[in-house]
Participant: 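Just dropping this structure here.
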Amino acid sequence: TVSFNNLLPNIEYTIKGKIVEKVIATDEEGNAITDEEGNPTYIEVDTGITAEDTFTPNTEDYEGNVVVDGEKITVNGTKDITFKFDSTKYAGKTFVVYEELYLTTIKKNEDDTETEELVKIADHTELTDKKQTIHIAEISTSATDGDNKDNVAELREHITLDDVVSYNNVIAGEYYQARGILMDRT
(Lines give C-alpha, C1' and ligand atoms only; values in the text may rest on other atoms or scores of the structure.)
Protein backbone atom coordinates (compact mmCIF):
# COMPACT_ATOMS: atom_id res chain seq x y z
CA THR A 1 0.00 0.00 0.00
CA VAL A 2 1.37 3.37 -1.06
CA SER A 3 0.35 6.46 0.92
CA PHE A 4 0.05 9.78 -0.86
CA ASN A 5 -0.57 13.39 0.15
CA ASN A 6 -1.46 16.58 -1.69
CA LEU A 7 -2.45 15.06 -5.04
CA LEU A 8 -4.71 17.11 -7.25
CA PRO A 9 -8.14 15.49 -7.70
CA ASN A 10 -9.42 14.25 -11.07
CA ILE A 11 -5.93 14.02 -12.59
CA GLU A 12 -4.39 10.72 -13.69
CA TYR A 13 -1.37 9.40 -11.78
CA THR A 14 0.69 6.24 -12.25
CA ILE A 15 2.49 4.31 -9.53
CA LYS A 16 5.40 2.23 -10.77
CA GLY A 17 6.96 -0.24 -8.39
CA LYS A 18 9.98 -2.47 -8.64
CA ILE A 19 11.57 -5.03 -6.39
CA VAL A 20 15.33 -4.95 -5.85
CA GLU A 21 17.44 -7.53 -4.08
CA LYS A 22 19.36 -6.24 -1.07
CA VAL A 23 22.87 -7.71 -1.27
CA ILE A 24 25.96 -7.23 0.89
CA ALA A 25 28.60 -5.39 -1.14
CA THR A 26 31.87 -7.28 -1.61
CA ASP A 27 35.34 -6.40 -2.82
CA GLU A 28 37.26 -8.19 -5.61
CA GLU A 29 38.23 -11.03 -3.24
CA GLY A 30 34.63 -11.58 -2.13
CA ASN A 31 35.04 -10.00 1.32
CA ALA A 32 32.14 -8.00 2.72
CA ILE A 33 32.58 -4.23 2.54
CA THR A 34 31.77 -2.63 5.91
CA ASP A 35 31.37 0.86 7.34
CA GLU A 36 33.45 2.36 10.17
CA GLU A 37 31.44 0.43 12.80
CA GLY A 38 31.87 -2.90 11.01
CA ASN A 39 28.31 -3.05 9.64
CA PRO A 40 27.93 -4.47 6.14
CA THR A 41 27.38 -2.12 3.21
CA TYR A 42 24.46 -3.06 0.98
CA ILE A 43 23.87 -2.62 -2.73
CA GLU A 44 20.72 -3.13 -4.77
CA VAL A 45 20.42 -5.63 -7.61
CA ASP A 46 17.54 -5.25 -10.04
CA THR A 47 15.31 -8.35 -10.14
CA GLY A 48 13.19 -7.31 -13.11
CA ILE A 49 10.06 -7.71 -10.95
CA THR A 50 7.77 -4.73 -11.51
CA ALA A 51 4.18 -3.64 -11.00
CA GLU A 52 2.26 -0.61 -12.18
CA ASP A 53 -1.15 0.91 -11.60
CA THR A 54 -2.82 4.03 -12.91
CA PHE A 55 -5.44 5.85 -10.85
CA THR A 56 -7.33 9.12 -10.70
CA PRO A 57 -8.00 10.31 -7.14
CA ASN A 58 -11.24 12.20 -6.72
CA THR A 59 -12.88 13.98 -3.83
CA GLU A 60 -15.74 11.43 -3.61
CA ASP A 61 -13.50 8.36 -3.14
CA TYR A 62 -11.32 10.11 -0.55
CA GLU A 63 -14.09 12.12 1.12
CA GLY A 64 -12.49 12.25 4.58
CA ASN A 65 -9.05 13.09 3.17
CA VAL A 66 -9.74 16.20 1.10
CA VAL A 67 -7.67 19.26 2.03
CA VAL A 68 -8.91 22.72 1.15
CA ASP A 69 -6.25 25.43 1.33
CA GLY A 70 -7.73 28.64 -0.03
CA GLU A 71 -8.89 27.68 -3.52
CA LYS A 72 -6.51 24.72 -3.80
CA ILE A 73 -8.06 21.30 -3.18
CA THR A 74 -5.83 18.26 -2.72
CA VAL A 75 -6.43 14.62 -1.85
CA ASN A 76 -4.63 12.36 0.63
CA GLY A 77 -5.02 8.59 0.61
CA THR A 78 -3.56 5.19 -0.18
CA LYS A 79 -3.28 3.01 -3.26
CA ASP A 80 -2.45 -0.68 -3.38
CA ILE A 81 0.11 -1.97 -5.86
CA THR A 82 0.44 -5.74 -6.26
CA PHE A 83 3.54 -7.65 -7.33
CA LYS A 84 3.04 -11.20 -8.64
CA PHE A 85 6.03 -13.51 -9.12
CA ASP A 86 7.32 -17.00 -8.35
CA SER A 87 9.08 -16.65 -4.99
CA THR A 88 10.49 -20.20 -5.11
CA LYS A 89 13.30 -18.83 -7.31
CA TYR A 90 14.36 -16.45 -4.53
CA ALA A 91 14.68 -18.61 -1.40
CA GLY A 92 17.05 -16.97 1.07
CA LYS A 93 16.93 -13.57 -0.66
CA THR A 94 16.03 -10.20 0.84
CA PHE A 95 14.03 -7.77 -1.27
CA VAL A 96 13.17 -4.10 -0.95
CA VAL A 97 10.17 -2.57 -2.71
CA TYR A 98 10.66 0.78 -4.47
CA GLU A 99 7.84 3.00 -5.76
CA GLU A 100 7.71 6.03 -8.00
CA LEU A 101 4.71 8.30 -8.54
CA TYR A 102 4.14 9.89 -11.95
CA LEU A 103 1.78 12.61 -13.09
CA THR A 104 0.25 12.11 -16.52
CA THR A 105 0.68 15.26 -18.59
CA ILE A 106 -0.33 16.08 -22.14
CA LYS A 107 2.43 17.42 -24.36
CA LYS A 108 1.48 19.36 -27.47
CA ASN A 109 3.69 18.41 -30.41
CA GLU A 110 4.84 20.72 -33.23
CA ASP A 111 2.33 19.09 -35.60
CA ASP A 112 -0.53 19.93 -33.18
CA THR A 113 -0.91 16.31 -32.03
CA GLU A 114 -0.87 15.50 -28.35
CA THR A 115 1.27 12.95 -26.54
CA GLU A 116 0.80 11.67 -23.01
CA GLU A 117 3.93 12.00 -20.94
CA LEU A 118 4.67 10.68 -17.46
CA VAL A 119 6.52 13.09 -15.18
CA LYS A 120 7.98 11.66 -11.96
CA ILE A 121 6.82 13.74 -9.00
CA ALA A 122 7.79 11.52 -6.03
CA ASP A 123 9.62 8.34 -5.16
CA HIS A 124 10.34 6.05 -2.25
CA THR A 125 13.59 4.22 -2.99
CA GLU A 126 15.21 3.58 0.37
CA LEU A 127 17.29 0.39 0.52
CA THR A 128 17.37 0.49 4.34
CA ASP A 129 13.60 0.94 4.89
CA LYS A 130 12.53 -2.01 7.05
CA LYS A 131 8.84 -1.44 6.24
CA GLN A 132 9.64 -1.98 2.55
CA THR A 133 11.84 -5.04 3.14
CA ILE A 134 10.69 -8.60 2.43
CA HIS A 135 12.66 -11.63 3.63
CA ILE A 136 12.08 -14.86 1.70
CA ALA A 137 13.01 -17.70 4.02
CA GLU A 138 15.01 -20.69 2.91
CA ILE A 139 14.97 -24.08 4.60
CA SER A 140 16.66 -27.42 4.07
CA THR A 141 16.26 -30.66 5.95
CA SER A 142 18.29 -33.77 6.67
CA ALA A 143 16.40 -36.83 7.94
CA THR A 144 18.14 -39.80 9.57
CA ASP A 145 17.27 -42.88 11.58
CA GLY A 146 17.37 -41.78 15.23
CA ASP A 147 19.30 -44.87 16.33
CA ASN A 148 21.91 -45.45 13.62
CA LYS A 149 22.10 -41.83 12.37
CA ASP A 150 21.97 -43.13 8.78
CA ASN A 151 19.60 -42.34 5.91
CA VAL A 152 18.55 -45.99 5.83
CA ALA A 153 16.22 -46.99 8.68
CA GLU A 154 16.28 -50.49 10.05
CA LEU A 155 13.07 -52.50 9.95
CA ARG A 156 11.76 -52.30 13.53
CA GLU A 157 8.34 -52.10 15.16
CA HIS A 158 9.12 -48.65 16.67
CA ILE A 159 11.65 -46.24 15.18
CA THR A 160 12.53 -42.62 15.61
CA LEU A 161 13.46 -40.41 12.71
CA ASP A 162 15.43 -37.24 13.34
CA ASP A 163 14.86 -34.43 10.84
CA VAL A 164 17.22 -31.49 11.24
CA VAL A 165 15.79 -28.30 9.74
CA SER A 166 18.27 -25.60 8.73
CA TYR A 167 16.94 -22.13 8.00
CA ASN A 168 18.22 -18.93 6.48
CA ASN A 169 16.92 -15.36 6.09
CA VAL A 170 14.35 -15.36 8.88
CA ILE A 171 13.74 -12.41 11.17
CA ALA A 172 15.40 -12.66 14.59
CA GLY A 173 12.92 -12.60 17.46
CA GLU A 174 9.96 -13.77 15.34
CA TYR A 175 8.17 -17.05 16.08
CA TYR A 176 8.32 -19.76 13.41
CA GLN A 177 6.92 -23.26 13.47
CA ALA A 178 8.30 -26.22 11.51
CA ARG A 179 5.96 -29.08 10.63
CA GLY A 180 6.95 -32.30 8.98
CA ILE A 181 5.05 -35.00 7.14
CA LEU A 182 6.40 -38.51 6.65
CA MET A 183 5.70 -39.43 3.02
CA ASP A 184 5.60 -42.95 1.58
CA ARG A 185 7.48 -42.73 -1.75
CA THR A 186 6.51 -46.21 -2.97
Participant: Tell me which pairs pass salt bridge (Lys or Arg N to Asp or Glu O under 4.0 Å) where either residue lies in residues 23-40, with sequence neighbours left out.
Facilitator: none
Participant: Of all residues at least two apart in sequence or in a different chain, which pass the salt bridge (charged side-chain N to carboxylate O under 4.0 Å, His left out) check with Lys149?
Facilitator: Asp162
Participant: Residues two or more places apart in sequence or in another chain: which of them pass side chain to side chain contact (heavy atoms under 4.5 Å, CB included) with Asp129?
Facilitator: His124, Glu126, Lys131, Gln132
Participant: For Leu103, enumerate each residue passing the side chain to side chain contact (heavy atoms under 4.5 Å, CB included) test, keeping only those at least two apart in sequence or located in another chain.
Facilitator: Ile11, Tyr13, Thr105, Ile121
Participant: Under the side chain to side chain contact (heavy atoms under 4.5 Å, CB included) test, which residues partner Ile43, sequence neighbours left out?
Facilitator: Val23, Ala25
Participant: Go through the structure and list residues passing side-chain hydrogen bond (donor to acceptor under 3.5 Å, both in side chains) with Asn151, not counting sequence neighbours.
Facilitator: none
Participant: Not counting sequence neighbours, which residues clear side-chain hydrogen bond (donor to acceptor under 3.5 Å, both in side chains) with Thr128? List them please.
Facilitator: none
Participant: Could I get the full list of side-chain hydrogen bond (donor to acceptor under 3.5 Å, both in side chains) partners for Asp86, not counting sequence neighbours?
Facilitator: Thr88
Participant: Mind checking what makes salt bridge (charged side-chain N to carboxylate O under 4.0 Å, His left out) contact with Asp46, not counting sequence neighbours?
Facilitator: none
Participant: Quick one: side-chain hydrogen bond (donor to acceptor under 3.5 Å, both in side chains) partners of Ser3, sequence neighbours excluded?
Facilitator: none
Participant: Report the residues that fulfil side chain to side chain contact (heavy atoms under 4.5 Å, CB included) with Leu118, sequence neighbours left out, ordered by chain and then residue number.
Facilitator: Thr14, Lys16, Tyr102, Thr104
Participant: Would you list the pairs meeting side chain to side chain donor-acceptor pair (under 3.5 Å) in which at least one residue belongs to residues 164-177, sequence neighbours left out?
Facilitator: Thr94-Asn169, His135-Asn169, Glu138-Asn168, Gln177-Arg179
